[in-house]
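Chain letters run A, B, ... following the sequence lines, proteins first and then strands; every chain starts at 1. Remember, predicted model here, so these are calculated numbers, not experimental data.
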Amino acid sequence: MAAPSYEESYLYRLRHSAAHLMAQALTELYPGIKLAIGPPIENGFYYDVEAPTPIREEDLTKIESKMKELAKLDQRIIRLVASNREEARSKILEETTLGQGPEVAEYKLQLLEAVPEGEEVSFYDQQRTDRAGTLHRFIDLCRGPHVDTTKEIKHFKLMSIAGAYWRGDSKNKQLTRIYGTAFESAEELETHLHNLEEAKRRDHRILGRELGLFMFSPRVGPGLPLWLPKGATLRDTMVSFLKEEQLKRGYEPVITPQIASIRLYEKSGHVITYKDKMFPFMEDDEKETYILKPMNCPFHIEIYQAQMRSYRDLPIRYAEFGTVHRYEQSGEVTGILRARGFTQDDAHLFVRPDQLLSEFIGVVDLMKAVLNRLGLKDYRARVGTKDPASSKYIGHDDNWTAATAAIEEACKTIGLDYELSPGDAAFYGPKLDLIIKDALGRDWQMGTVQVDYNLPERFELEYTGEDSKPHRPIMIHRAPFGSLERMIGLLTEQYAGAFPYWLSPVQVAILPISDRHVEAAVALKEKLRDVHGIRVSLDDRRETLGKKIRESQLQKVPFMLVLGDRDIEQGTVGVRSREDGDLGAMSLEAFLEKVAPLR
RNA sequence: GCCGAUGUAGCUCAGUGGUAGAGCGGCUGUUUUGUAAACAGCGGGUCGCGGGUUCGAGUCCUGUCAUCGGCUCCA
């Protein structure tokens, strides 16, 4: 028998009940509080409420104690079903409000309206009879299911408070969301909290500083990273890899400016649709307005358009590591995972309709190659398709159908597992996104391939067909990394800073044991660097070997070469690997042979 | 942008209204070292920034900026 899914599991019910228990505690502690919605989530649960007085983090202990108190009362959790909508409505207004007045039911009534006609409306009642024989109840509109009694809810912890918009819409009122987690045993709860602590140590912002990859400065500005030598080296390595790969696949490099006249972005439509995400505009003496570029596509289009194109010229693939700036809202900036200035490994493919599939296959193949090379296994591929209910999309249905089919076909051909996600298409076309989780389990969109019918239309792009008549090309936007910043941030977390040999900013650290070995160490360094192209550092400080090893180890250098009297006499190096420790003395040739396959 | 939290030395953190501290790092000296931290000494601070309360503010109030966790949005 297959293991039950999370949604079907006891743990899921337990967390759901914990959310209700919290709601009950909140109702007692904050009379007049309006309950909204409180589901289980991946690692716990939350409840959204509108509180009469602000709830602060220091209040969590108090709420937790109240929950424990209520849990111990062994309240039976009983499912009630309303026989019709009117009954459900009056139940909400009368019973769930516990005499606090109908206004506390504001959100519950809206939830009831959202329940499809004909669907069963259920409530869950936490009830007990006290010593005096009085019946106490706490009734909440809920689909369920729940555990049988509050006594089962023992191992939980309230985690944090956040604002959350009612129904996830920023136009709606912001409610207070309280996050908590619950487990079946104290050990599991402990392990979870411990894992959270561990995850913090893999945080790319911490490792980025410790490993000297990048930094931020208040004098430069939020979300604007400064790449340090080691980070820049790592980044250059990734760029070289992809450039080489793209060259093999028929891409042509282009380079475009950081700013452009506003007229370019008026033509592309971005001034209307994207204005609030752009840095403030600039004006020169002639009153021409310039924009710091938020995306590269319009520039590449200009290049395409600069001359007549024949059907024989297509596909054209323009690639650029294009640095863009987007004015992300202040609360959204997160290290280099979400920066205000970042570099996309961008390319735009101008293709004929009959080339769409083969080009898509080529792009998906490249993405797969990139994932393999980077050693990323823990990713999801998502095909974003039209939301049939929405009218925001442009372009003919036939095109959409063809493009979506091409994306799916390409994934199947290359063997990339994907999931369909209706509503996740761009307004101008369907797309394929790669999604990777960070150390804290948050999803990040990385690589992307997007079909675009919009820009060719807006810029009136053409090529001359076999029939001597003008035809409109299709554009494909694609970025296998997504952005260098985000990809490096994620890689840092995935590898906990211990990058694979080929990516490591320092691949080999030479550690002379004492002053008299430095001369040989310098010679070794030059040989490895100049003859073998290895990124090598030399620690010639007057420190003990133990200390040098410790520091190289903490810097996650893949290999250390110890050089002492014995080595110089015998012509060997003492090899230590980051993962396996001391490997003993060996000839330089033997070491080179060892690392050769890791390049 | 919104809700909640945090901001003290390069880093990690202590300091509950009365003379700003520790460990690590740094510098200097000694040590010349064989697989994860030698020893000693010395520096180092506009307590994020502005305003206020107070005889007195790192500590209380207020504004602001940055960062962190969420929401919304996104590569």
Side-chain angles (χ1 to χ4, degrees), chain A residues 41 46 48 51 54-60 159-179 196 200 203 205-206 209-210 215-219 221-223 274 276-277 294-295 322 324 326-340 342-346 426 433-436 440 442-448 450 477 479-487 489-490 511-518 541-554 560-567 574-578 581-585:
Chain A
I41 50 172
Y46 68 78
D48 283 351
I55 300 177
R56 294 176 199 293
E57 221 145 272
E58 59 191 12
D59 301 327
L60 292 182
M159 305 297 288
S160 61
I161 296 178
Y165 300 107
W166 168 236
R167 290 194 157 144
D169 189 334
S170 58
K171 288 194 278 290
N172 289 341
K173 191 165 205 163
Q174 192 167 48
L175 308 175
T176 303
R177 174 172 296 178
I178 305 180
Y179 282 96
L196 283 179
K200 277 187 204 156
D203 191 311
R205 290 164 294 198
I206 293 169
R209 186 184 57 234
E210 288 177 355
M215 60 172 277
F216 291 91
S217 161
R219 276 185 292 275
Y274 217 74
D276 56 346
K277 301 216 67 176
M295 41 195 55
V324 296
R326 298 180 185 175
Y327 197 76
E328 303 291 349
Q329 293 190 73
S330 57
E332 297 171 334
V333 174
T334 303
I336 55 171
L337 290 181
R338 183 91 180 256
R340 279 183 170 166
F342 59 95
T343 301
Q344 297 176 306
D345 54 333
D346 212 355
D433 294 320
L434 292 177
I435 293 152
I436 304 183
L440 290 176
R442 299 175 290 205
D443 277 343
W444 293 93
Q445 185 188 314
M446 312 299 294
T448 182
Q450 311 182 353
H477 310 248
F481 294 151
S483 77
L484 287 161
E485 283 74 8
R486 188 170 281 183
M487 184 54 92
L490 257 300
L511 311 179
I513 289 177
S514 82
D515 287 356
R516 64 177 178 276
H517 311 117
V518 168
R541 295 173 307 164
R542 291 174 57 172
E543 293 288 354
T544 59
L545 180 62
K547 180 151 186 170
K548 293 180 182 184
I549 286 176
R550 177 178 159 81
E551 288 183 7
S552 289
Q553 200 71 43
L554 291 174
M560 286 151 256
L561 298 183
V562 175
L563 214 54
D565 289 335
R566 286 208 304 267
D567 301 292
V575 179
R576 183 188 164 96
S577 111
R578 177 178 66 191
D582 192 359
L583 301 180

Quick one: [X] [atom1] to [N] [atom2], roughly how many Å, whole number?
X       : N       : atom1 : atom2 : value
Q553(A) : rA37(B) : CD    : C1'   : 13 Å
Q329(A) : rA66(B) : CD    : P     : 14 Å
R219(A) : rG48(B) : CZ    : P     : 16 Å
I206(A) : rU67(B) : CD1   : P     : 15 Å
E328(A) : rC71(B) : CD    : P     : 16 Å
R542(A) : rU28(B) : CZ    : P     : 11 Å
I161(A) : rG69(B) : CD1   : P     : 17 Å
E210(A) : rU12(B) : CD    : P     : 8 Å

Closest-nucleotide 5' rank along RNA chain B - winner of L554(A) and F216(A):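 Its nucleotide being nearer the 5' end, the pick is L554(A).
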Of G564(A) and R338(A), the one whose closest RNA chain B nucleotide lies more 5':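 Its nearest nucleotide being more 5', the pick is G564(A).
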pi-stack flag for W444(A) and rA75(B), centroid dist under 5.5 Å, interplanar under 30°: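 So no, this residue does not stack on that base, at least one cut-off failing.
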Please determine whether a side-chain nitrogen or oxygen atom of [X] lies at a distance below 4.0 Å from atom OP1 or OP2 of [N].
X       : N       : answer
R209(A) : rU12(B) : yes
T544(A) : rA38(B) : yes
K547(A) : rG25(B) : yes
Q445(A) : rC74(B) : no
S170(A) : rC71(B) : no
R326(A) : rC73(B) : no
R205(A) : rG69(B) : yes
R516(A) : rU33(B) : yes

For [N], which nucleotide in any strand shown is its Watson-Crick or wobble partner with both distances under 3.5 Å?
N       : value
rG26(B) : rC42(B)
rA5(B)  : rU67(B)
rU35(B) : none
rC55(B) : rG18(B)

[X] side chain near [Y] side chain, heavy-atom distance below 4.5 Å:
X       : Y       : value
F342(A) : I336(A) : no
H477(A) : T448(A) : no
D565(A) : R516(A) : yes
M560(A) : K548(A) : no
V333(A) : F216(A) : no
R541(A) : E551(A) : yes
Q445(A) : S483(A) : no

Nearest to the side chain of [X], heavy atoms from C-beta on, is which of [options]?
X       : options                   : answer
S514(A) : rA75(B), rG4(B), rU33(B)  : rU33(B)
R442(A) : rA36(B), rG70(B), rA75(B) : rG70(B)
P222(A) : rU67(B), rC71(B), rG26(B) : rU67(B)
F342(A) : rA75(B), rC71(B), rG4(B)  : rA75(B)
S160(A) : rG34(B), rU35(B), rG69(B) : rG69(B)
K277(A) : rC74(B), rG34(B), rA75(B) : rC74(B)
A162(A) : rU67(B), rG69(B), rA75(B) : rG69(B)

[atom1]-based separation of [M] from [N] [nearest Å]:
N       : M       : atom1 : answer
rU28(B) : rG44(B) : C1'   : 14 Å
rC47(B) : rC42(B) : P     : 25 Å
rG25(B) : rG63(B) : C1'   : 36 Å
rA14(B) : rG23(B) : P     : 16 Å
rU32(B) : rC39(B) : P     : 15 Å
rC13(B) : rU6(B)  : P     : 14 Å
rA36(B) : rG17(B) : C1'   : 45 Å

Indicate, with a heavy-atom threshold strictly under 4.0 Å, whether [X] touches base, sugar-phosphate, or nothing.
X       : answer
T176(A) : nothing
V324(A) : nothing
G168(A) : sugar-phosphate
R177(A) : sugar-phosphate
D567(A) : base
L175(A) : nothing
G331(A) : base
F481(A) : nothing

Give a yes or no on whether a donor-acceptor pair under 3.5 Å exists between the nucleobase atoms of [N], that is its base, and the side chain of [X].
X       : N       : value
R578(A) : rA36(B) : no
Y327(A) : rG1(B)  : no
R56(A)  : rC3(B)  : no
D565(A) : rG34(B) : no
E332(A) : rU72(B) : yes

Just wondering, are more than 12 heavy atoms of other shown residues or ligands nearer than 6.0 Å to OH in Y327(A)?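 At most 12 heavy atoms, drawn from other residues, nucleotides or ligands, come within 6.0 Å of this atom.
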Salt bridge flag under 4.0 Å for residues D169(A) and R167(A):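 Judged by the 4.0 Å cut-off on N to carboxylate O distance, D169(A) and R167(A) do not form a salt bridge.
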Answer yes or no: is there a donor N or O on one side and an acceptor on the other, between the side chain of R486(A) and the main chain of L337(A), under 3.5 Å?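 Pair found, side chain donor or acceptor close to backbone of L337(A).
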